[in-house]
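Structure first, commentary second.
Proteins get letters first, then strands, A, B, ... in listed order; numbering begins at 1 in each.
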Protein chains: 2
Amino acid sequence: MRQKVTLKQIAKELDVSISTVSKALKDSVEISLDTRQKVKAFAKLYNYKPNNIALSLKNKKTKTIGVIIPEIVHHFFTTVIGGVEKVANEKGYNVIICSSNNSFDKEVINLEMLASGSADGFILSVAKETQLKKDYHHIEETMSQGMPVVLFDRIIDEIVCDKVIIDDAKGAQTATNHLLTLGCKKIAILTTVDYISVGKLRTNGYLRALRAYDVPENEGYILKIEDIDNCESEISEFLKDKDVDAVFAVNELFAVTATKVLKEHGKIVPDDVSVIGFTDGILSKHFIPSLTTISQHGEEMGVRAAKLLIDKLEGDDSVTEEYKTVIIDTSLIQRQSTKKKEV
Amino acid sequence: MRQKVTLKQIAKELDVSISTVSKALKDSVEISLDTRQKVKAFAKLYNYKPNNIALSLKNKKTKTIGVIIPEIVHHFFTTVIGGVEKVANEKGYNVIICSSNNSFDKEVINLEMLASGSADGFILSVAKETQLKKDYHHIEETMSQGMPVVLFDRIIDEIVCDKVIIDDAKGAQTATNHLLTLGCKKIAILTTVDYISVGKLRTNGYLRALRAYDVPENEGYILKIEDIDNCESEISEFLKDKDVDAVFAVNELFAVTATKVLKEHGKIVPDDVSVIGFTDGILSKHFIPSLTTISQHGEEMGVRAAKLLIDKLEGDDSVTEEYKTVIIDTSLIQRQSTKKKEV
DNA sequence: TATTCACACGCAAACGTTTTCGTAAGGTTA
DNA sequence: TAACCTTACGAAAACGTTTGCGTGTGAATA
C-alpha cells in the first residue's frame with residue numbers, strides 16, 4: 001500500500017531540495033530544464049498531488065464553500081445545492097454540504113466545525129428550531145471572524161448579510177390571484193405556523209390578494225399546520241364539509257394531500273375544486289392531476305447565492321462592506337389542478 | 001472584524017509560550033492551576049477554537065468522510081446520506097458530500113480533490129458513465145494510497161473493497177413474485193439498459209421469478225429505457241395495445257409514468273393492471289393510487305456503509321485487510337397499485 | 001552548604017507547502 | 001587576474017497545532 005507521496009520524498013529520491021521540487025513542478029525558470037523534466041516525470045510516475053490541507057494552512061484559504069441546509073432529503077434544497085455546485089466548480093471551489101436536520105444544536109455544531117478551518121464561507125438556510133429560538137449567535141460569530149455568510153430561503157431579517165430569497169408574499173399573491181381570476185371565491189389556504197418565516201409570508205400574500213380582489217377574508221379558511229408529518233388527518237378534518245372552490249397550499253405535500261383528501265370527500269380536482277401548490281418538485285410534476293404551482297427556481301437561487309459568496313470571498317474590502325439581497329422571481333406553472341370555473 | 005484567534009495570539013497577550021497555552025487548554029498537570037484558569041478564561045472570552053486544518057495536517061487525519069453520489073437531487077441517495085450523517089456525527093466525523101452528476105470526469109475530479117487532504121475515506125456510488133466506461137483507476141488509486149472506500153448501490157464487482165448493496169435480483173424477484181401470486185401472468189418490465197448494474201440485476205430477478213413460476217418469458221414484455229428523462233413517450237408506445245395485466249418498474253419514475261400512461265389508455269390501476277415499483281420514495285407514497293414497491297432502506301444502507309468505513313479508518317491492520325459485502329434486505333411495501341386478480 | 005527534586009514552563013520538531021532570499025560555481029568582461 | 005554577472009539551487013520562515021524533552025527556580029533534604 002503505497003502512501004501518498006510528498007515533495008519531501010521526491011526531493012530525497014532525486015537528491016535535490018524540497019524547494020527545487022516545488023519550483024520545478026511549477027515550471028519555474030529558476031530551475032534548469034533538465035531538472036524540471038526529471039522532477040515532473042518522477043512526480044507523474046508517483047502520481048504526486050499537492051496536499052490540500054497543507055495548502056489551506058499556508059494560504060489561509062480552503063477554497064471550499066460550506067452549505068448548511070435544514071433537510072437533505074428535500075427536493076427544493078437539493079436543487080439549490082445543484083446551483084451552488086455548478087458555480088462553485090466553475091470557480092474552482094469545493095462544496096461541503098451538511099444538514100442541520102432542523103435542529104438548532106446541530107446547526108451550531110456544523111457551522112462551528114466548518115468554520116474552524118474547513119470552509120471559507122457559508123451558504124445557509126436556517127433550521128426551524130433556530131427560527132423559533134431566535135438565537136443567531138453562531139451565525140454572527142462566524143461573520144465577525146471574517147467568514148462571509150449568504151442566507152437563502154429561510155432567512156433571518158435581523159442578520160445583516162447577503163441574502164437570496166424569493167418574494168414569498170408575492171408568489172403567494174400570484175398563486176391566489178390565479179385562483180381568483182379562475183373565478184374562485186372561497187379559497188382556503190393550507191399553511192404553516194407563523195414562526196416559519198416563509199409560511200407567514202405566504203399567508204400574508206394570500207391575504208393581500210384577497211383584499212385586492214375585495215374578497216372578504218375568512219379565518220375559517222385558514223389552516224395553520226404544525227405537524228407536517230401528520231398533516232393528512234388535519235387537512236381532512238379541515239376540508240370536511242367545508243364549502244370551498246379552491247385550495248392554496250404553501251408546499252407540495254399539503255397540495256398533494258389536499259387533492260387526495262378532496263378526492264376522498266368525493267370532490268374532483270380541478271372540476272369541483274382547484275388546487276395550487278408552492279415549490280415545483282417531483283410530486284407536483286408527476287401527480288395526477290399534475291399540480292399547478294409556484295416555482296421557486298431553486299437552482300437559480302443556488303447559483304446566485306454562490307456568486308454572492310464568491311464575490312465576497314474574492315472581492316476587496318469595498319465589496320466586503322456592502323450587502324445585497326437578491327430576490328428571485330417566482331413563476332406560475334400551470335398544470336392540471338386548476339381550471340376556470342364554469343359559471 | 002475580529003479575526004480568528006490562535007494559540008500564538010493568546011500566548012502573546014498572556015505573555016506565556018504557545019505550548020503553555022496549548023497545554024493549559026488541555027488541562028495538563030504540567031501547568032499551574034492558576035495559569036490554566038487564566039488561559040481558559042481568555043480563550044473562552046475570545047472564543048478560541050482550534051484550527052482544524054492545522055490539526056488535520058499534524059494528525060494526518062481529517063476526521064471527515066467523503067460521500068460521492070451520482071445525483072444530489074435524488075430521494076434515495078439523500079436518504080442514504082441521512083444514514084451516513086447519523087453514524088458519522090455520532091463518531092465525531094464530518095461528512096462532505098459531492099455529486100458526480102453521473103459524469104465520469106466529475107467523479108474523478110471530486111475524488112481526487114477530496115483524496116488530496118480533505119477526507120480520510122470515501123463512501124461512493126459510481127456514476128453511470130463510470131459503469132459504462134469501466135475505468136476505475138481513480139478508485140483504485142485512492143485505495144492504494146491508503147484511503148478506504150466503501151461502495152454502495154451502484155457498485156463495481158471488479159473492485160475489492162467493502163460494499164453495501166441490496167440484493168437487487170432478489171428484490172426484483174420478490175416484486176415479480178408478488179405480481180404472480182396476485183394471479184398476474186402477463187407481466188411487463190420497465191427497466192434500464194444493461195450497463196446500469198442495478199437495472200440488469202433487477203431484470204434478472206424478474207426473469208428468475210417467471211421461470212420459477214413456469215411463466216414463459218416474452219421479449220416483447222421487456223422494455224429497456226435509455227433516456228430516463230423522456231421515458232413517457234417510450235413507455236406509452238410500449239404499453240399501447242399491449243395486453244398486460246401487470247407492470248414491474250425498476251424505479252419510481254417508471255412506475256408512476258406507467259400508471260399515468262395506463263390511465264390514459266383507459267386502463268385502471270390496480271383493477272385492470274397491477275403496477276409495482278422499486279425504491280420507496282416520495283412519489284410512491286403520495287401518488288394516487290399509492291404504489292406498491294420494494295423498499296431499499298436507503299438510510300440503513302448509509303448507516304452500514306458509514307460503519308464499515310469507520311471500522312476501517314479506526315481499525316488496526318487486521319481489520320484493514322478484510323473486506324465485507326453487506327447485503328441489506330429489501331422489503332415489499334404493499335399499497336394500492338397492486339391487487340389480486342379476480343378470476 | 002551542597003545536592004536533589006518537584007514544579008512550571010519554554011524550546012523545537014513535525015505535518016506539507018510556497019516563496020523570499022542567499023549563495024556557490026562557473027563564465028564573462030575589463 | 002580581479003570584478004562582476006548569470007545560472008541553478010538550497011535554506012529557512014510561515015501557516016497553527018501538539019508533545020517530548022530540556023531547564024531554571026525555589027524548596028527540601030543530607
Side-chain angles (χ1 to χ4, degrees), chain A residues 3-40 42-43 46-64 112-113 115-120 145-147, chain B residues 3-40 42-43 46-64 112-113 115-120 145-147:
Chain A
Q3 275 300 311
K4 290 189 223 182
V5 57
T6 67
L7 290 183
K8 195 195 261 191
Q9 290 165 35
I10 300 182
K12 196 172 173 189
E13 290 291 325
L14 263 49
D15 207 33
V16 292
S17 77
I18 295 179
S19 35
T20 302
V21 177
S22 176
K23 287 172 190 166
L25 289 174
K26 293 203 135 43
D27 247 330
S28 160
V29 287
E30 268 188 275
I31 307 299
S32 72
L33 206 62
D34 194 46
T35 311
R36 267 186 263 172
Q37 286 171 345
K38 215 172 356 177
V39 170
K40 281 197 268 185
F42 194 91
Y46 280 86
N47 194 36
Y48 169 77
K49 296 261 162 47
N51 182 320
N52 282 334
I53 294 286
L55 286 179
S56 297
L57 184 60
K58 180 136 188 51
N59 301 333
K60 307 253 235 164
K61 273 191 209 166
T62 62
K63 277 277 180 177
T64 299
E112 289 187 345
M113 190 171 226
S116 58
S118 305
D120 297 334
Q145 289 180 350
M147 286 168 282
Chain B
Q3 273 302 309
K4 288 189 224 182
V5 57
T6 67
L7 290 183
K8 195 195 262 189
Q9 290 163 36
I10 300 181
K12 197 175 172 187
E13 290 291 323
L14 264 50
D15 207 33
V16 294
S17 77
I18 295 178
S19 37
T20 301
V21 177
S22 175
K23 286 170 187 166
L25 289 174
K26 294 203 132 47
D27 248 331
S28 160
V29 288
E30 266 187 277
I31 308 298
S32 72
L33 205 62
D34 194 46
T35 311
R36 266 187 265 171
Q37 286 171 344
K38 215 171 359 177
V39 169
K40 280 198 268 187
F42 195 91
Y46 281 86
N47 193 37
Y48 169 77
K49 296 263 161 47
N51 181 320
N52 282 335
I53 294 285
L55 286 177
S56 297
L57 185 60
K58 179 136 187 50
N59 300 332
K60 309 253 240 163
K61 273 192 210 166
T62 63
K63 277 274 180 182
T64 299
E112 289 187 345
M113 191 169 224
S116 58
S118 305
D120 298 335
Q145 289 180 350
M147 287 167 282

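Proximity of A:Lys58 to the phosphate of C:dC15: no side-chain N or O atom is located under 4.0 Å from OP1 or OP2. Between D:dC15 and B:Lys8, a contact under 4.0 Å exists linking OP1 or OP2 to a side-chain N or O.
In this structure, A:Asn59 places its CG atom 12 Å from P of C:dT17, rounding to the nearest Å. Atom pair B:Leu33:CG and C:dC7:C1' shows a separation of 13 Å (rounding to whole Å applied). Between the P atom of C:dA8 and the CG atom of B:Leu14 lies a distance of 17 Å, rounded to the nearest Å. If you take CD1 of A:Ile53 and C1' of C:dT17, they are 12 Å apart, rounded to a whole angstrom. Here the P atom of nucleotide D:dG16 and the CD atom of B:Gln9 are 7 Å apart, to the nearest Å. If you take NZ of B:Lys61 and C1' of D:dT18, they are 14 Å apart, rounded to a whole angstrom. Atom CZ in B:Arg36 sits roughly 13 Å away from atom C1' in C:dC9 (whole-Å rounding). One can place NZ of A:Lys38 at 13 Å from P of D:dA8, the figure rounded to the nearest angstrom.
Of the candidate nucleotides C:dC15, D:dT17, C:dT17, C:dC15 has the atom lying nearest to any side-chain atom of B:Leu57. Comparing C:dG22, D:dG16, D:dC21 against the side chain of A:Glu30 picks out C:dG22 as the nearest. Proximity note for B:Lys26 (side chain, C-beta onward) versus C:dT18, D:dT18, D:dC9: the nearest is D:dT18.
Looking at A:Tyr48 and A:Leu25, their side chains come closer than 4.5 Å, going by heavy atoms from C-beta outward. Between B:Phe42 and B:Leu14 there is a side-chain heavy-atom pair separated by less than 4.5 Å. B:Thr6 is not listed as a side-chain neighbour of B:Asn51, based on a closest heavy-atom distance of 4.5 Å or more. Residues A:Thr62 and B:Ile53 have side chains in contact (heavy-atom distance under 4.5 Å, counting atoms from C-beta outward).
Remark: A:Ile18, A:Ser19, A:Ser22, A:Lys23 in residues 16-25 of chain A come within less than 4.0 Å of DNA chain C through at least one heavy atom.
Mapping B:Lys60 and B:Ile31 onto DNA chain C by nearest heavy atom places B:Ile31 at the nucleotide closer to the 5' end.
In this structure, the side chain of B:Asn52 engages the main chain of A:Met113 through a donor-acceptor pair within 3.5 Å. Not a single donor-acceptor pair under 3.5 Å links the side chain of A:Lys40 to the backbone N or O of A:Asp27.
Rounding to the nearest 0.5 angstrom, the gap separating the OG atom in A:Ser116 from the CG atom in B:Asn47 is 10.5 Å.
Nucleic acid contact for B:Thr35: sugar-phosphate only, since backbone atoms but no base atoms lie under 4.0 Å from a heavy atom of the residue.
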